Amino acid sequence: MSLVESRLTLTVSYVLLGLFAFIALFPIALLVLNSLKPAAEIVQNPLGLPGPIRWQNFVNAWNHAKFSKTFVNSLVVSGTTIVLVCSTSSLTAYVLARKKIKSWKIFTFYLLATTTAPIQLYIFPLYFGFAKLGLINNIFGVALIYTALYSPFAVMLLRTYFIAVPKELEEAAIVDGATSWQVFWRVMLPIVSPGILTVALIIGLNSWNEFLIATTFLQKQENVTAVIAFYLLSGQYSSDWGEIMAAALIIVVPVVLLFVFMQKRFIEGMAGGSVKG
Amino acid sequence: MHRLYIVPTMIINVVIVLVPALLTAALAFCNWDGISAPTFAGLDNFRALAADRVFWSALGNNMVWTLVFLTVPILMGLAAASMLLIVRRGSNFFQIVYFLPVVIATAITARVWQGMIYSPVTGIFGILKKYGMPIPNPLTQPPLALFGVATVDLWHWWGFLCVIFFAALRQVPQEQIEAARLEGATYFQMMRYVLLPGIRPTITLMMIMTVIWSFLAFDFVYIMTQGGPAFSSELLSTLAYRKAFYDLNVGQAAAAALVISLFGLVGTFFYVRIQTREGEQ
């Protein structure tokens, strides 16, 4: 009696999984490979190995996409969004998870509905409103929009972490005379901190990569995020694909490293937020 | 006291999402260029959209998009996830590889495909041409443009579904799988009678989300084709965006946004029902 799959099934599975892996990796390999080549070599053969590696691509990309400025913009936008989302959403998630208010159902319902609303439903009045208030090109304005955009997801994910905390812990703290704020701050928050880290990672990734809001609300070249700087570089300022791929690699490498390093949290969070509710 | 806890989230959400959304609903019945005062226009915007061929082809494209995403990535995800369950060894490595495209910015993914694959000058399609396999750049062919863009979105997207399905498959009781194995079930029998029924709630949820998300699709079309050539790859989301920011016809853009939301709303209804039912248990 054997519970192991037959050798044939295993082989076929590995071949197909390898094929899928090839599909996933092939464009990424092209990105890396061609970031190291001069434009002329890419035209000749995008699959060819680089002759001498052209590090100048990275210097050009860094200067032309103004990464010394736009990278900081991206970090500020992502950082601000993370802080705003984590602080406001953990409060809301706690209340909704523990049904602390009578109308918890309505608010849960409302937040769930907004996660599915198309951006086009609110971006037009928002843009002209921001323009009136002089908030176009303001990266904190963009962070505020991201906060509204991502906090329903964060609330839903954090809610599952709060629900998992045993009620007895909370009750014991109340018996000991803790105020409701102390219960939240001293008892609950430390227990759900892994969940907050997961939320921070995913929100950080989303705001780092975001395109539609950033391209609409940031228009001056020195105010854009790194992704938009890349978009402008590849669309308007350069036709040197070596340089464009080098710019892409500079943006992708930190994200991929962070992802591979923290992949359990990323995957758990992405799956948990959209599957469990 | 606890009511105060939800105030920050709600204020930000109401200011950024709810109020502008209500304004959009109102603007759909107005003429507005974004600068001067809006004037009431009744149903004019909706009539103009109904008379616009591009609107109907965009709506059709949205339907095609939804159908493609309801089938191809879900089947790919299920196939890969079930094989990950079979092989076990190395499944974590494959999972990471499949998820990589999900974490790369859409703008970058779009440019890599445009320049390094589809381009007849700098891409793989150029090499194929050199070796006597001339495949036209799909992004420049009206009948193919939508599928050329959808392929890129699929590449970026299917790994997410695979990871979610794999997570769900691991929750299927081991005894059921082993019992089926002892009875000599083939791969397809295992899928049909054990695995798929075991993760049906997850599949249903992902299909509902696919319907909702497919009406939100924007980035890849906007970056790679701007809805062209000749509006052949236009989606409702890019159409609305173009009307608002290029034509300064915010009224019609708002009307189109309402149409998008209407379709999303059907999916949202089922989504919220499933999610809140789970939460009550």
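No experiment lies behind these values; they were computed from the predicted model shown. FYI, side chains are in, hydrogens and waters are out, and symmetry mates aren't considered; it's all heavy atoms of this structure.
If you measure heavy-atom distances from B:Phe93 to chain A, you find no contacts under 4.5 Å at all. The contact between B:Ile124 and chain A is made by backbone and side chain atoms together, counting heavy-atom distances below 4.5 Å. Contacts between B:Val163 and chain A at a heavy-atom distance below 4.5 Å involve the side chain alone, from C-beta outward. B:Ile104 touches chain A through backbone and side chain together, each having a heavy atom under 4.5 Å away. Both the backbone and the side chain of A:Ile145 come within contact range of chain B, with heavy atoms under 4.5 Å apart. If you measure heavy-atom distances from B:Leu27 to chain A, the contacts under 4.5 Å come from the side chain alone. Interface residue B:Met10: only side-chain heavy atoms are found under 4.5 Å from chain A. Heavy atoms closer than 4.5 Å to chain B are found nowhere in A:Trp208, neither backbone nor side chain. Interface remark: A:Tyr231 contributes backbone and side-chain atoms alike to the contact with chain B (heavy atom separation under 4.5 Å). Both the backbone and the side chain of B:Arg89 come within contact range of chain A, judged by heavy atoms closer than 4.5 Å. Heavy-atom distances place both the backbone and the side chain of B:Leu18 under 4.5 Å from chain A. Using a 4.5 Å cut-off between heavy atoms, A:Ala117 touches chain B through its backbone atoms (N, CA, C, O) alone. There is no contact between B:Ile11 and chain A, counting heavy-atom distances below 4.5 Å. Proximity to chain A involves both the backbone and the side chain of B:Val17, based on heavy atoms less than 4.5 angstrom apart.
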So B:Ile16 and A:Phe130, side-chain contact (heavy atoms from CB on, under 4.5 Å) or not? Walk me through it. CA-CA 10 Å; B:Ile16 302 288; A:Phe130 266 46; 4.3 Å; yes

Step-by-step side-chain contact (heavy atoms from CB on, under 4.5 Å) determination, A:Leu111 to A:Thr115: CA-CA 7 Å; A:Leu111 288 174; A:Thr115 57; 6.0 Å; no

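Looking only at atom types and distance, the side chain of A:Thr216 has a donor-acceptor partner in the side chain of B:Tyr241 under 3.5 Å away. Between the side chains of B:Ser82 and B:Tyr187, at least one donor N or O lies within less than 3.5 Å of an accepting N or O.
With respect to chain B, the highest number of heavy-atom pairs below 4.5 Å among A:Leu212, A:Leu31, A:Ile101, A:Val43 belongs to A:Leu212. Between chain A and the residues B:Leu23, B:Asn13, B:Ile12, the most heavy-atom pairs under 4.5 angstrom are made by B:Asn13. Ranked by heavy-atom pairs shorter than 4.5 Å toward chain B, the options A:Ser234, A:Ser151, A:Ser87 are led by A:Ser234.
Annotation: A:Phe184 is in aromatic contact with B:Tyr5 [ring centroid separation under 6.0 Å]. Side-chain rings of A:Phe128 and B:Trp32 approach one another, their centers coming within less than 6.0 Å.
Surrounding CD1 of A:Ile106 are at most 12 heavy atoms belonging to other residues, nucleotides or ligands under 6.0 Å away.
At least one side-chain heavy atom of B:Leu85 sits less than 4.5 Å from a side-chain heavy atom of B:Ile177.
In this structure, the salt bridge (Lys or Arg N to Asp or Glu O under 4.0 Å) partners of A:Lys100, at least two apart in sequence or on a different chain, are A:Glu170.
Classified by interplanar angle (parallel below 30°, tilted 30° to 60°, perpendicular above 60°), the ring pair B:Phe245/A:Tyr127 is perpendicular.
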